[in-house]
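Quick one: this structure, given as structure tokens, is what I'll be asking you about.
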Number of protein chains: 2
Amino acid sequence: MATTQPAAVDRPPTIHDIAALCGVAASTVSRALSSPDRVNIRTRQRIEAAAAQLHYIPNSQAKALSSGRTGAVGVLVPDITNPFYFDLIRGTQLQLKAAGYTQLLVDTEESDEVEASTMEQLRKSADGIVVAASRLSDEALLAAAAKMPMVTVNRDVPGIPAVLIDTPSATSQALDHLISLRHTRIAYIAGPATSQSSTRRWAALSEAAEERGVEVRRLGPFAPKTQSGAAAADAAVHSGVTACIAFNDLIAIGMLQRLRERGIRVPEDMSIVGCDDIFGADFCNPPLTTMASPIEQAGRVAVSMLLAQLNPLAGGGTRSRSVMPTHLTVRGSTGPAPAPH
Amino acid sequence: MATTQPAAVDRPPTIHDIAALCGVAASTVSRALSSPDRVNIRTRQRIEAAAAQLHYIPNSQAKALSSGRTGAVGVLVPDITNPFYFDLIRGTQLQLKAAGYTQLLVDTEESDEVEASTMEQLRKSADGIVVAASRLSDEALLAAAAKMPMVTVNRDVPGIPAVLIDTPSATSQALDHLISLRHTRIAYIAGPATSQSSTRRWAALSEAAEERGVEVRRLGPFAPKTQSGAAAADAAVHSGVTACIAFNDLIAIGMLQRLRERGIRVPEDMSIVGCDDIFGADFCNPPLTTMASPIEQAGRVAVSMLLAQLNPLAGGGTRSRSVMPTHLTVRGSTGPAPAPH
DNA sequence: CATGAAATGACAACCGATTGCCAAAAACTG
DNA sequence: CAGTTTTTGGCAATCGGTTGTCATTTCATG
């Protein structure tokens, strides 16, 4: 038994083992497994049977080295612990796995330098990258995109395919919501200065405010973490507004906590609108009115666009831009403006 | 110019480019960059200068192929979107990065099959793996551990190094807390049947209950998701208990939501204790009494143990087991037992 | 049955590094 | 200064596949 079974070695089987078992050349095995049409069907079946028998698993390193394709895609997010990215990551992971790719997830720690060096690193070990909420400059991004296929999420740079979450338009909805509740003094709690999402949202918001004749002031920037919510809440209270539209739910939830500490009631004294509808937005106290969108889907779309870039043959004109719809989900953190004293 | 400057190509530089630039053999370059002592310091400096000038970045695939070491470590978690794993992932990521390793993060979707096939896959592309809350059998885990260095988290199998989070002992604390609040009818809301954490916790809990002469019944199993909280809450109410110790915070938060819907007050009518102190446990309504532990640190420790396995030379006896302390964090979801009518 | 086209399989170079082995050079010894 | 030890650098094989080239086989056709 051991004589007819060349396996039994500890080392994982290679195509050479298969070739020996079948009495063909290693190259034939390679072709049989990758471009099945180039090989006689009977031979191919023998090879496939042998591969199955040996539990053959191709060595991805070797494959990458000789073919130039790694079968991996990098996904860069600024902060793994931000729940917003959970669903995005899950979306990319599902879509990549479905296409037989591996996901390389990297936390860039909100740092442009880490982001840049990661990209350089990934240039050799990934076929393309999905970059969420990049902190890099347009120029740096374009330079990187020239070196390897890239899709951005929530970052619009001409020439780079992107998936955008349409929070700017939802911001107008939020504004209308607040106006209908008779708020007139409203603040935008800005995100990081380097976040294009925050910039675009502010642009949309201030334009909408002007159209509607209300005043919206901008506070911040604040880091997109719950801890920043305290400072944001204090700034909002100090500025005398009765409603806030926050850059994201983390900040909004942090504000809720701080306002509670200070004895300021939400929504009676102050209304809060978040953004992203992250895990927790529905069960915080009060539940958060927020702008929701299909984040997981955004992840899937981003991957689809990237894979279309990698395999141009597979039909379908490559979309270079995809905008995910967003809608306002009204919960308990917004209410009528307090009566002026 | 093009004659004296071998760079200027689009293709990334290799050690051969460096070798050509310095007039030495490629192998000398390799040695100069990896084992610096084996090469003349002046030559080395020339080589280093050339490498810097060309912006040389070693090709990790090629490195892995020829050396057998990949410089990557796989991290397997059952569910990326479970906030419990955020901190764990961040911990592993930080520690790995500090040691110059890359993290390959995989969501095994609570499936033993996905977990097993992922391990097989990773065998070629990672030097070792960290497996959190494995759903595999002891035998399968041992077999996998025999093929590649492994550290488990929250899974105790003799022969495999593990980081354990000491929730069993915290469970007793939780029980004492509830007893001191005069609860006598208490339920344990069990996690997945394949979860060893759940099993170990129940063992500790039922033993402690017996010692203290109170009755604790077991309900479930339930999937570790907020959605399961509804069923868990209904089961708890139906069973007539006044307090529950839940497998994790996700279930506990789901229970809070369901109980609120049903008009059952927490903690007046029912006390709830969670586990893990995840993101959200502090701002749900009411804030959750839960068992907290240094999860990020657990991730770091797991990676340290794995790296110690990979590089046995670097001194320090290899710990094969590390237990993370846990303590009860009392918040608003637990209170005195309702007076019997 | 001869002929050409199509299908198939083998050989070998190659991807970019690592590493064992050996030779040349340098430094040291007596 | 000869003889020896140590240091240093280069050659070439190797990792496990991919892929271009070419020889051979197979088959249909005239």
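Hydrogens, waters and symmetry mates play no part in the numbers below; they use all other heavy atoms, side chains included. To find a chain, count down the sequence lines: A is the first, B the second, and so on, and within it residues start at 1. Not measured: the values here are computed from a predicted model.
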(message) Need to verify one output field. Residue with the more 5' nearest nucleotide on DNA chain D, B:Thr43 or A:Ile15?
(response)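 So the residue in question is B:Thr43.
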
List the atom pairs, donor and acceptor, that lie under 3.5 Å between side-chain atoms in residues 137-150 of chain A and the rest of the protein, sequence neighbours left out.
from     : atom 1 : to       : atom 2 : distance (Å)
A:Ser137 : OG     : A:Glu139 : OE1    : 3.4
A:Ser137 : OG     : A:Ala140 : N      : 3.1
A:Asp138 : OD1    : A:Arg155 : NH2    : 2.7

(request) Give a yes or no on whether the backbone of A:Ile89 and the side-chain of A:Thr92 come within a donor-acceptor separation of less than 3.5 Å. (result)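 Looks like yes, one N/O pair under 3.5 Å.
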
(message) What is the distance, to the nearest angstrom, from the CG atom on A:Leu33 to the P atom on C:dT8?
(response)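 These atoms are roughly 16 Å apart.
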
(message) D:dT18, OP1 or OP2 - any side-chain N/O from A:Ser30 closer than 4.0 Å?
(response)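 True: A:Ser30 side-chain N/O within range (under 4.0 Å) of D:dT18 OP1/OP2.
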
(message) Please tell me if A:Arg69 has a side-chain N or O lying less than 4.0 Å from either OP1 or OP2 of C:dC15.
(response)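 Looking at the OP1 and OP2 atoms of C:dC15, neither is under 4.0 Å from any side-chain N or O of A:Arg69.
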
(request) Report the distance from atom CD1 of A:Ile57 to atom C1' of D:dG17, rounded to the nearest whole Å. (result)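 Rounding to the nearest Å, CD1 of A:Ile57 and C1' of D:dG17 are 15 Å apart.
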
(message) Under 4.0 Å, counting only non-hydrogen atoms across every strand here, what does B:Ala62 touch: a base, just sugar-phosphate, or nothing?
(response)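 If one applies the 4.0 Å heavy-atom cut-off, B:Ala62 turns out to touch a base.
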
(request) For D:dG17, take OP1 and OP2 only and decide whether either is under 4.0 Å from a side-chain N or O of A:Tyr56. (result)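 Yes.
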
(message) Just the rounded figure in Å: distance from P of D:dG16 to CZ of B:Arg123.
(response) 12 Å

(message) Between the base of C:dG20 and the side chain of B:Arg31, is there a donor and acceptor pair under 3.5 angstrom?
(response)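 Counting by modelled atom types and ignoring angles, a donor-acceptor contact under 3.5 Å is found here.
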
(request) Only one of B:Leu94, B:Leu88, B:Val163 passes side chain to side chain contact (heavy atoms under 4.5 Å, CB included) with B:Arg300; say which it is. (result)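 Answer after filtering B:Leu94, B:Leu88, B:Val163: B:Leu94.
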
(request) Hey, which sits more toward the 5' end of DNA chain D by its nearest nucleotide, B:Val39 or A:Ser66? (result) B:Val39

(message) Would B:Lys97 and A:Glu109 count as a salt bridge (charged side-chain N to carboxylate O under 4.0 Å, His left out) here? Give the steps.
(response) CA-CA 12 Å; B:Lys97 169 178 274 189; A:Glu109 301 167 21; 3.2 Å; yes

(message) Under a 3.5 Å distance rule, please check whether B:Asp127 uses its side chain to pair with a backbone N or O of B:Thr70 as donor and acceptor.
(response) yes

(message) Heavy atoms from C-beta onward define the side chain here; which of D:dG16, C:dA17, C:dT19 lies closest to that of B:His16?
(response)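 So the nucleotide nearest the side chain must be C:dA17.
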
(message) Between C1' on C:dA7 and CD1 on A:Ile41, what's the gap in Å once rounded to a whole number?
(response) 14 Å

(request) State, yes or no, whether a side-chain contact exists between A:Met324 and A:Gln297 at a heavy-atom distance under 4.5 Å. (result)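 Sidechains of A:Gln297 and A:Met324: in contact.
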
(message) For the helix from C:dC1-D:dG30 to C:dG30-D:dC1, what angle separates the axis at the start from the axis at the finish, each from five pairs, in steps of 10°?
(response)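 So the angle between the two local helix axes works out to 40°.
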
(request) Round to the nearest Å and state the distance from A:Arg42 atom CZ to D:dC27 atom P. (result) 10 Å

(message) From CZ of B:Arg44 over to P of D:dG9, roughly how many Å is that when rounded to an integer?
(response) 11 Å

(request) Please state how far atom CD in B:Gln61 lies from atom C1' in D:dT18, giving the value in whole angstrom units. (result)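 Rounded to whole Å, this separation is 14 Å.
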
(message) Testing the 3.5 Å rule here: is there a donor-acceptor pair between the side chains of B:Asp79 and B:Thr81?
(response) yes

(request) Taking only the side-chain heavy atoms of A:Ser27 (C-beta and beyond), determine which of C:dA10, C:dT18, D:dG17 contains the nearest atom. (result)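 Taking heavy atoms from C-beta onward, the closest nucleotide is C:dA10.
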
(message) Within the 4.5 Å heavy-atom criterion, are A:Leu76 and A:Met119 side-chain neighbours or not?
(response)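 A:Leu76 reaches A:Met119 side chain to side chain.
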
(message) Regarding A:Val29, tell me which of base, sugar-phosphate or nothing describes its non-hydrogen contacts under 4.0 Å with the strands shown.
(response)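 If one applies the 4.0 Å heavy-atom cut-off, A:Val29 turns out to touch nothing in the nucleic acid.
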
(message) If you only use heavy atoms from C-beta on, which nucleotide in D:dG17, C:dT8, C:dT19 is closest to the side chain of A:Asn40?
(response)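 In terms of side-chain proximity for A:Asn40, the closest of D:dG17, C:dT8, C:dT19 is C:dT8.
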
(request) Find the distance A:Lys63:NZ to C:dG16:P and express it as a whole number of Å. (result)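 Nearest whole value for this atom pair: 19 Å.
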
